[in-house]
Amino acid sequence: MRLTEPAPFLVTSTLAVLSSHALAANVSTLATKLQAISAEVFPGLKAIAVDIWNNPEVGLSEHHAHDLVVDYFTSQQPGEWVVTPHAYGMETAFKLDFEFRVPAVNPNTPLPVIGFLAEYDALPGIGHACGHNHIALNGLAAASMVRAAVVQLGIPARVVVMGTPDEEGEAGKHKLLQAGAFDGVDVWFMAHPTSANAVQPMNARINAVAQFRGTQHGDVVRAAYETLVAVRDRAAGGLPGTASSVVAVEDVGMFASNVVQSRISLGINGSTLEVVQQTVSSILDSTYPGVTFTAANDCTGGVNLTTFGPGGHASESTKSPLVLTIETFRALSSQEGVSFYLPGNASTTALDITFDIRSRYTLDLNSVLNVVTSTIGSNAAAIVTDTIYPALEVTPFLPGVFIDLLKTDAYGAQTNWGVSSFAPASTDAAWLQNAVVDPTTKALIKADRVVFHPNFGICAPNGTGPCAFNHEPPFRDVAGTEYSYSRTEIVARALAHVAVELLNNKTMMAEATEILGR
Ligand SMILES: *[C@@H]1O[C@H](CO)[C@@H](O)[C@H](O)[C@H]1NC(C)=O
Ligand SMILES: *[C@@H]1O[C@H](CO)[C@@H](O)[C@H](O)[C@H]1NC(C)=O
Ligand SMILES: *[C@@H]1O[C@H](CO)[C@@H](O)[C@H](O)[C@H]1NC(C)=O
Ligand SMILES: *[C@@H]1O[C@H](CO)[C@@H](O)[C@H](O)[C@H]1NC(C)=O
Ligand SMILES: *[C@@H]1O[C@H](CO)[C@@H](O)[C@H](O)[C@H]1NC(C)=O
Ligand SMILES: *[C@@H]1O[C@H](CO)[C@@H](O)[C@H](O)[C@H]1NC(C)=O
């Protein structure tokens with residue numbers, strides 16, 4: 001339905017409010033409209049997501065993903081969006097922009113603006129084991145649905161998609177934020193696939209890379225492992241803040257930022273195969289789920305201990321293959337004549353360990369970092385930190401609207417959604433929000449931007465398909481299933497529904513953005 005009613009030239013705020021009500025479109029059939037729109041737009045965009053999944057690229061090298069999106073909207077669907085490749089000075093960032101104005105309305109009237117975030121970076125070595133192909137799909141699909149719906153309904157609006165590189169490594173959204181990429185948008189939406197549905201906060205995070213250097217390989221390995229033991233003990237004694245954690249990642253073999261390795265090798269010299277086997281067996285118990293090991297004499301005369309495990313998310317609290325080698329080091333390191341080396345790398349005198357530090361609230365992160373760096377102390381030649389990821393807080397209002405909508409038949413009659421206080425991971429989308437919480441009550445006081453970031457489950461129900469948690473290698477398979485794409489279609493359509501309502505209803509927009517005015 002197009003609006004034909006001529007709008008008066010608005011001079012007073014009272015008139016503007018009255019007029020805005022008169023101009024609101026009737027969206028009572030929006031759910032049905034969006035189903036029809038989705039049938040048109042989703043398949044082509046899903047093909048892009050499948051291509052991204054098949055061709056994983058780590059942060060800042062997402063050229064194929066960038067080009068797929070840019071080519072699709074410039075060549076295959078030309079004229080719908082203003083397409084900006086390489087946006088804001090980032091080679092693999094893109095922007096899509098669309099404005100719809102009703103001819104009768106004063107062209108100077110500012111438009112309400114909805115933004116969608118798209119991510120498409122993969123994890124080193126394990127492909128799309130965080131499912132960012134779905135984040136790209138969700139952003140592109142929801143935005144395309146909103147675009148078509150506002151045109152059909154005659155709702156003046158602007159819609160933006162920001163393609164944001166390198167979520168996993170160096171906080172691509174932080175760079176884009178500084179370049180102004182997120183300005184001028186009323187509400188930002190994204191959605192992250194995971195193993196279960198929840199609107200929930202995300203942790204603050206920082207990585208501290210401790211660099212161990214020396215002249216003798218054995219001394220460097222010993223210094224690194226002594227430090228790993230010390231940090232484990234310090235963490236076991238309690239870290240400051242709420243739900244704080246520190247997880248170590250060793251920079252050899254399958255090292256990857258933001259990935260807990262599924263395989264670690266530690267060489268032990270001056271002991272025997274039997275002693276190593278007995279020692280490891282006495283440590284390995286049910287607190288190491290899925291962890292196994294092999295030990296064998298290697299050609300240098302030492303014992304090559306290699307530990308294997310599910311790997312997984314750096315925030316995971318279960319004991320990893322690296323923890324098993326740390327505890328083996330602890331048990332054997334005081335024995336006379338025992339030394340340690342890195343099998344296959346027994347001459348390197350440079351070994352880096354990444355300490356992935358997380359805490360529920362941004363304001364506690366520095367104290368946790370200080371505890372970790374002081375525990376590392378002078379064992380390391382240097383400690384380098386990366387860009388922090390602030391905590392993402394759940395902004396009020398939109399979660400309720402979204403969850404109520406998902407209960408309706410058009411959105412799968414989903415009753416297993418809720419708002420949870422548990423923070424399962426971290427996201428650089430927190431940079432847009434820049435939440436301020438009360439230091440005592442931890443209640444959200446204000447935010448720079450409204451960011452709505454639900455996490456949605458993509459594991460098929462009843463164990464009929466693979467299931468895993470983000471960053472575990474099997475999550476890549478989950479993120480490639482037909483079932484996962486069907487979940488993203490529903491979430492994108494529901495977000496589009498909420499977005500169209502916001503664009504059409506000033507009261508609702510004011511409620512959603514109330515947190516900004518404080
Ligand atoms: C909105 O449209 C529906 C379906 O066409 C109709 O039943 C309803 O009366 C309309 N509401 C208003 C306020 O015009
Ligand atoms: C040896 O160390 C280098 C540098 O840390 C690393 O790139 C390489 O993968 C390591 N090789 C093995 C077999 O662990
Ligand atoms: C293990 O110790 C032996 C005897 O001291 C030495 O020859 C060998 O180089 C050592 N191997 C490693 C990997 O350090
Ligand atoms: C150490 O053992 C693992 C597991 O058997 C093996 O894959 C690796 O190649 C070994 N490293 C060396 C240097 O022999
Ligand atoms: C299978 O999953 C569906 C949808 O989640 C659920 O309604 C049903 O009860 C499940 N069946 C069994 C046997 O678990
Ligand atoms: C606009 O949004 C407000 C707040 O959510 C709601 O109470 C009201 O019913 C909405 N108006 C229309 C016409 O849907």
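Counting starts at 1 for both ligands and their atoms, following the listed order. Since the model is a prediction, treat every value here as computed from it, not as a measurement. In what follows, residues are counted from 1 in the order of the sequence shown.
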#### Entry: Gly344 neighbourhood, listing ligand 4 atoms whose heavy-atom distance to it stays under 4.0 Å
13 (C)

#### Entry: Any donor-acceptor N or O pair under 3.5 Å, side chains Asn379, Thr227
yes

### Task
Record the part of Glu511 in heavy-atom contact with ligand 6 below 4.0 Å; permitted values are side chain, backbone, both and neither.
side chain

### For the student: nearest non-hydrogen atoms of Ala346 and Tyr341, plus distance
CB-CD1, 4.1 Å

### Message
Only heavy atoms of Tyr341, strictly under 4.0 Å: list the atoms of ligand 3 that pass.
### Response
13 (C)

### Task
Only heavy atoms count here, so choose which of Asn345, Asn269, Ile268 is nearest to atom 3 (C) of ligand 3.
Asn269

### Query
Going by atom types alone, do Tyr225 and Glu250 pair a side-chain donor with an acceptor below 3.5 Å?
yes

#### Entry: Validation row: Phe182, Met162 side chains within 4.5 angstrom (heavy atoms)
yes

#### Entry: Protein heavy atom at shortest distance from atom 7 (O) of ligand 4
Arg263 NH2, 2.6 Å

### Query
Evaluating non-hydrogen atoms only, which member of Asn297, Thr294, Leu266 is closest to atom 5 (O) of ligand 4?
Thr294

### Task
Considering only NZ, NE, NH1 and NH2 on the basic side and carboxylate oxygens on the acidic side, decide whether Asp183 and Arg449 come within less than 4.0 Å.
yes

#### Entry: Quiz item: cation-pi between Arg222 and Phe340, 6.0 Å / 45°
no

### Side chains of Ser265 and Thr306, donor plus acceptor under 3.5 Å
yes

### Message
Please list, in number order, the atoms of ligand 3 under 4.0 Å from a heavy atom of Thr300.
### Response
8 (C), 11 (N), 13 (C)

### Message
Considering both backbone and side-chain atoms of Asn304, is one of its nitrogen or oxygen atoms within less than 3.5 Å of a nitrogen or oxygen in ligand 4?
### Response
yes

#### Entry: Any non-hydrogen protein atom less than 4.0 Å away from atom 9 (O) of ligand 4
no

### Query
When only distance counts, is Asp298 in polar contact with ligand 4, meaning an N/O pair under 3.5 Å?
no

### Message
For ligand 6, which is the ligand I care about here, please tell me if Asn505 has any N or O atom under 3.5 Å from one of the ligand's N or O atoms.
### Response
yes

### Task
State plainly whether the residues Arg213 and Asp219 are in salt-bridge range, i.e. N to O under 4.0 Å.
no

